[in-house]
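Only one structure is covered here, and it is reproduced in the block below.
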Amino acid sequence: LQIYERTLGPAHPRAAAVLGNLGDSLLSMAQPRKAREYTQRAADIFRAAYGPSHPDVAMALTNLVATDLALGEPRRALGLAREALASAEASMEATNPILAYHLTSLGGALVACEQFDLAIAPLERALRLRQSPNDPAMLAEPELLLARALWGARRDRPRAVAVAEQARDRMASAPAD
């Protein structure tokens with residue numbers, strides 16, 4: 001990070017990419033407060049460099065959503081998830097599978113806020129976009145969230161159970177990292 005900041009400047013998108021990676025690593029090491037600091041800096045740099053509608057802005061904001069959920073801040077996460085999805089949709093084709101990441105994030109924030117009815121549509125859309133024979137395990141996260149949303153909304157509990165079982169089976173058959 002220091003090399004990028006000295007060479008390119010502290011507000012360069014490459015420095016932001018490093019900050020984002022550090023934030024992701026810190027979050028995976030259960031350090032969400034420190035992760036938020038790095039990820040917020042990355043998002044701010046990307047916004048300043050690219051404006052509000054860019055894939056890097058969307059990704060940094062979605063990473064902030066995960067951090068805020070880990071910090072127990074679902075309402076803040078929900079606002080960021082909506083902003084991230086708007087940024088992604090403005091900068092990508094509607095069928096781009098990367099949108100599934102942002103839709104899953106929004107669905108997760110809605111579930112965390114107990115807005116189960118509202119979570120169903122983005123999670124179903126994420127699943128449609130993620131239908132890939134290359135990595136079926138990528139479906140497990142939105143499936144589990146969809147199952148929680150369906151159950152919480154008291155919409156279709158048999159479907160909620162079936163979707164949760166499908167996600168469990170996917171994870172059980174996925175190769176270990």
Side-chain angles (χ1 to χ4, degrees), residues 20 23-24 27-28 32 36 39-40 42-43 46-47 50-175 177:
D24 289 346
L27 185 59
S28 71
R36 190 173 207 297
T39 308
Q40 182 66 62
F46 284 136
R47 269 195 202 115
Y50 301 130
S53 300
H54 189 275
D56 290 341
V57 172
M59 192 59 68
L61 293 172
T62 294
N63 290 343
L64 276 172
V65 172
T67 302
D68 282 350
L69 289 174
L71 287 168
E73 297 284 349
R75 300 247 179 262
R76 184 168 63 187
L78 180 55
L80 289 166
R82 288 183 169 133
E83 184 181 353
L85 181 59
S87 177
E89 288 181 323
S91 61
M92 298 177 195
E93 295 288 327
T95 57
N96 189 323
I98 293 172
L99 284 173
Y101 181 70
H102 306 293
L103 289 159
T104 300
S105 177
L106 175 60
L110 287 163
V111 166
C113 289
E114 298 184 359
Q115 295 182 26
F116 302 114
D117 282 319
L118 295 176
I120 294 169
L123 292 167
E124 287 178 332
R125 184 174 167 212
L127 286 168
R128 285 191 303 274
L129 289 171
R130 276 198 177 162
Q131 293 298 329
S132 168
N134 298 335
D135 193 1
M138 288 293 292
L139 296 170
E141 182 183 10
E143 284 173 337
L144 286 172
L145 287 167
L146 178 59
R148 287 183 61 197
L150 289 167
W151 190 270
R154 300 177 190 270
R155 281 252 195 111
D156 187 346
R157 289 201 162 169
R159 180 177 172 220
V161 171
V163 171
E165 288 172 344
Q166 187 174 5
R168 178 202 61 208
D169 294 345
R170 283 185 207 285
M171 292 307 296
S173 65
D177 285 340

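Qualifying side chain to side chain contact (heavy atoms under 4.5 Å, CB included) partners for A121, counting only residues two or more places apart in sequence or in other chains: none. Partners of S105 under the side chain to side chain donor-acceptor pair (under 3.5 Å) rule, at least two apart in sequence or in another chain, do not exist in this structure. Considering only residues two or more places apart in sequence or on other chains, E83 meets the salt bridge (charged side-chain N to carboxylate O under 4.0 Å, His left out) condition with R47. Looking at residues two or more places apart in sequence or on another chain, you find a salt bridge (charged side-chain N to carboxylate O under 4.0 Å, His left out) between R125 and E89. Here R82 pairs with nothing under the side chain to side chain donor-acceptor pair (under 3.5 Å) rule; sequence neighbours left out. R148 pairs by the salt bridge (charged side-chain N to carboxylate O under 4.0 Å, His left out) definition with nothing, not counting sequence neighbours. Not counting sequence neighbours, the partners of D24 by the side chain to side chain donor-acceptor pair (under 3.5 Å) test are N63.
When all heavy atoms of P32 and T67 are compared, the closest pair comes out as O-CG2, 3.2 Å. Nearest approach of L129 to A94, heavy atoms of both residues: CD2-O, 3.9 Å. Of all non-hydrogen atoms in S53 and A90, the two that sit nearest each other are OG-CB, 3.4 Å. Of all heavy-atom pairs spanning A126 and A100, the tightest one is O-CB, 3.6 Å.
Listed by first and then second residue, the ring-ring contact (aromatic ring centres under 6.0 Å, His included) pairs involving residues 75-113 amount to none (not counting sequence neighbours). The stretch residues 55-65 participates, sequence neighbours left out, in no salt bridge (charged side-chain N to carboxylate O under 4.0 Å, His left out) pair at all.
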For residues 69-78, which side-chain donor-acceptor pairs fall under 3.5 Å, sequence neighbours excluded?
| unit_1 | atom_1 | unit_2 | atom_2 | d |
| --- | --- | --- | --- | --- |
| R76 | NE | D68 | OD1 | 3.3 |
| R76 | NE | D68 | OD2 | 3.0 |
| R76 | NH2 | D68 | OD1 | 3.1 |

For residues 158-167, dump all side-chain donor-acceptor pairs below 3.5 Å to protein atoms at least two apart in sequence or in another chain.
| unit_1 | atom_1 | unit_2 | atom_2 | d |
| --- | --- | --- | --- | --- |
| R159 | NH1 | E124 | OE2 | 2.8 |
| R159 | NH2 | E124 | OE2 | 2.9 |

Which pairs of donor and acceptor atoms, one on a side chain in residues 109-118, lie under 3.5 Å apart (sequence neighbours left out)?
| unit_1 | atom_1 | unit_2 | atom_2 | d |
| --- | --- | --- | --- | --- |
| D117 | OD1 | R155 | NE | 3.4 |

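Annotation for M92: atom CE counts as buried by contact number, over 12 foreign heavy atoms lying within 6.0 Å.
One N or O on the side chain of S87 and one on the backbone of P52 form a donor-acceptor pair closer than 3.5 Å. Looking only at distances, a side-chain donor or acceptor of R130 sits under 3.5 Å from a matching main-chain atom of M138. Between the side chain of T39 and the backbone N or O of R36, no donor-acceptor pair lies under 3.5 Å.
One finds the OG1 atom of T62 at 8.0 Å from the CG atom of L85 (value rounded to the nearest 0.5 Å). Put simply, CG on L139 and CE on M171 are 11.0 Å apart, with the number rounded to the nearest 0.5 Å. Distance check: L123 CG to L145 CG gives 5.5 Å after rounding to the nearest 0.5 Å. The distance from the CG atom of L127 to the CG atom of L103 is 10.0 Å, given to the nearest 0.5 Å.
Between L64 and Q40, the closest side-chain pair of non-hydrogen atoms falls below 4.5 Å.
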